[in-house]
Structures are given as C-alpha cells and as structure tokens.
Number of protein chains: 2
Amino acid sequence: MMASVYYRMPPTPATPATPAAPAAPSSPRQAARKKAAIDRMLDPELFKALADPTRLKLLACVLKCGRGCSVTEVAACCSVDFSVVARHLSVLARAGLLSATKDGRTVWYAPRGDALAERFRRLADAIDEWTPAQCCTTTAKLKRTGPRGCC
Amino acid sequence: MMASVYYRMPPTPATPATPAAPAAPSSPRQAARKKAAIDRMLDPELFKALADPTRLKLLACVLKCGRGCSVTEVAACCSVDFSVVARHLSVLARAGLLSATKDGRTVWYAPRGDALAERFRRLADAIDEWTPAQCCTTTAKLKRTGPRGCC
DNA sequence: GCAATACTTGCATGATGGCGTCAGTATACT
DNA sequence: AGTATACTGACGCCATCATGCAAGTATTGC
C-alpha cells in the first residue's frame, strides 16, 4: 500500500522525505552553533509556565491591560480563588513573563510583552535558520541502511 | 518604603507604570481584534505539548535532523522506553508540530519547522502589535481610585 | 492599639500526566 | 505458514501540580 497520512497536516504541505535543499549548507561548526541555539531556546521551563489554561488567561489579562495590575484586580477577572491567582502570577513572574514590583502592601504585576515577544521571535529564528541538509542520510537511503541514531 | 523589585527582572528594563505611549492608539474595533489575536495565539494545547522535557528533546531531535525519522530511530537517541517515545511523537504530531506519515509498518515523523516557526512568530507579532495605551486607567490613577476589573 | 486590606504560605484533595510492562495488531521477510 | 519487526493500546504506579480553605504576615488607615 502507498504511504497514508496520519492525523492532521494543515496549512503547509507535508515535508517531503528528501527536502528541497534549503539555502547553502553551513560549515559543521556553524551547524553545531545553530543546533545549540535550538536547544537553548526550547526551554521546558518557559512552556511549563504557559501550559496551564488558567495561568495563560491571567497572563493574557495582564498583557492586554498593558499596565501594572494588582493581584486583587486580576482576580476580579477570574472565577478562581484569590490565592490561586496570586500563586499563578508569582509563577509567571518567576518565569520572566511578568515583572513584579511591591509597593506597600500591594504587588504590581506588569507585562513583559517585549521580552516575551522577543523570546518567541528568537525561537522562531533559531528554527528557521537551521538548514538540516547534510546532517544525516535521507529517508530513502535510510530505508535501505536501516535506522541509526539521528542526534 | 520605596517600591522594591521582586524576583528577577533580566535583560530589558522594567516596564514603567505609565508606558511611554507606543505607536498611535488604535480604534476600539482594531483594539478588540488585536486582543482577540493574543487570545487566539496563546493556545494552552500548544504549550502543553511543549511542556515536557523529554518530549521537547525528542522534538529537537527530529527538528535538528531535518528529515523524516522513524520511532525506532528517535528512540535510539533517548534513554526512555520505546513506547514512551512513540507516545510522545504521536502527541507532537497531534499538536501539529510534527507530521506523521505511515509507510508500511514504519511511521516517519517529519519536522514541521516552518509551521512551528511561523506559529511562534505570529504569537510574537500579536503581542508586539498590541498597544495597550488607553484600555484602562494608569497604575498611578488606579492607586487613588482603587482596583477595578482590567479585562 | 485595632481593624481592615493585600498578599503569602501550609495543608489536604483531586486531577492530570509521564513512565514502564505487557499484550495486541499490522506489515515484512523467508 | 511462521517468525521478526514496528508500532499501538491498555493497564497500573507514581510524581507533579492546580485548587480551595484557612491561618499567618505585613502594611495602611483610623
């Protein structure tokens, strides 16, 4: 039987087994640097902080607001307990997604939108700049030679 | 006492309470559209798929390889059980981060680097393009008037 | 000092999710 | 046909974590 597609494969067409040689093949040293960039930007801690729906909603709230928000204020947007909101905001601040400034008895959580956008953009760049090309064998050749470690 | 800083506040300087009016204030309709864009791009499912260190390592492996990889092959890179690798790759494919093509008895998981980069770049754009400005009161005014819902 | 506000922290609970083992299915090879 | 390969699915175990409640701390206002 012919190759059949699993799951969804939305907008962009499926990556062909042998990619159409993108850009120029970089030097091994440069390739290693770009590989390292991908590893560095693919930080589990960042994504863990963003993985919870409630936390994400709170982040969006502060982000859309644009100014510093107190915990009380953010909690007003959300149906969860106050302590939950306080904890989530603290997690987001610890992950560098919000900045926290204490003034008297209230804490102002301000969006770090620029930093966040910058982080995602760099990640996108790291992925884009990585031109695989010569790293391993092609899929076709692999079928003959059998599997081997790819990293 | 003066305002003191919590946690870390790395590279970029702290967002001042009253931001230096970025760009031109958009129309309410346009503002709503940009807010919606942030909500749309801030998808918990995407981040959940990326939140696990092992899964992230496997994604990086396929990404760096650039070509389609079989489960067996990817499993060779990693110290975890074969079934774990298979499951992780399937999760990544379901999240649209890899494409899965079955050919005979082996499944080729190919990187969707372009789609992934595009997704992060759009997220960055959505955040960047959002100019808060007039959405709520400033932090300073808020201190006098007391907290109010921000979203 | 006393009370109210703003937030933090500890604790119990329940849900989610990652992991390995093992059995099952589908395809390829001889 | 029989065996090996490549993967999927169903359990159970365990760690992590999100949540709510309730008690504690720190600051402000009277």
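Since we're looking at a predicted model, the values are computed, not measured. Sequence lines set the chain letters: A, B, ... in the order given, protein chains first and strands last, and positions in each chain run from 1.
- Nearest approach of B:F120 to A:L123, heavy atoms of both residues: CE1-CD2, 3.4 Å.
- In this structure B:R122 satisfies the salt bridge (Lys or Arg N to Asp or Glu O under 4.0 Å) test together with B:E118, sequence neighbours excluded.
- We find that CG of B:L98 is positioned 14 Å from P of D:dC7, with the value rounded to whole Å.
- Here the P atom of nucleotide D:dT16 and the CD atom of A:E45 are 13 Å apart, to the nearest Å.
- The interatomic distance linking A:L92 (CG) with D:dC17 (P) rounds to 14 Å, in whole Å.
- Between B:T72 and D:dC7 there is a side-chain polar atom (N or O) within less than 4.0 angstrom of OP1 or OP2.
- In this structure, of C:dC29, D:dC7, C:dA6, it is C:dA6 that holds the atom nearest to the side chain of A:R105.
- Residues B:L97 and B:L46 form a side-chain contact, since some pair of their non-hydrogen atoms from C-beta on lies under 4.5 Å apart.
- For the pair A:L50 CG and D:dA18 C1', the interatomic distance rounds to 16 Å; values are reported in whole Å.
- Atom CG of B:L63 is separated from atom NZ of A:K35 by 11.0 Å, given to the nearest 0.5 angstrom.
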Original post:
Could you run down nucleotides 11-23 of chain C 5' to 3' and tag each one B, S or - for protein heavy-atom contact under 4.0 Å?
Top reply: B-----SSBBB--
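- Salt bridge annotation for A:R121-B:D125: present, with a cationic side-chain nitrogen under 4.0 angstrom from a carboxylate oxygen.
- When all heavy atoms of A:F47 and B:L56 are compared, the pair lying nearest together is CD1-CD2, 4.0 Å.
- Look at NZ on A:K102: it is 14 Å from P on D:dT25, rounded to the nearest Å.
- Atom CG of A:D103 is separated from atom P of D:dA26 by 17 Å (rounded to the nearest Å).
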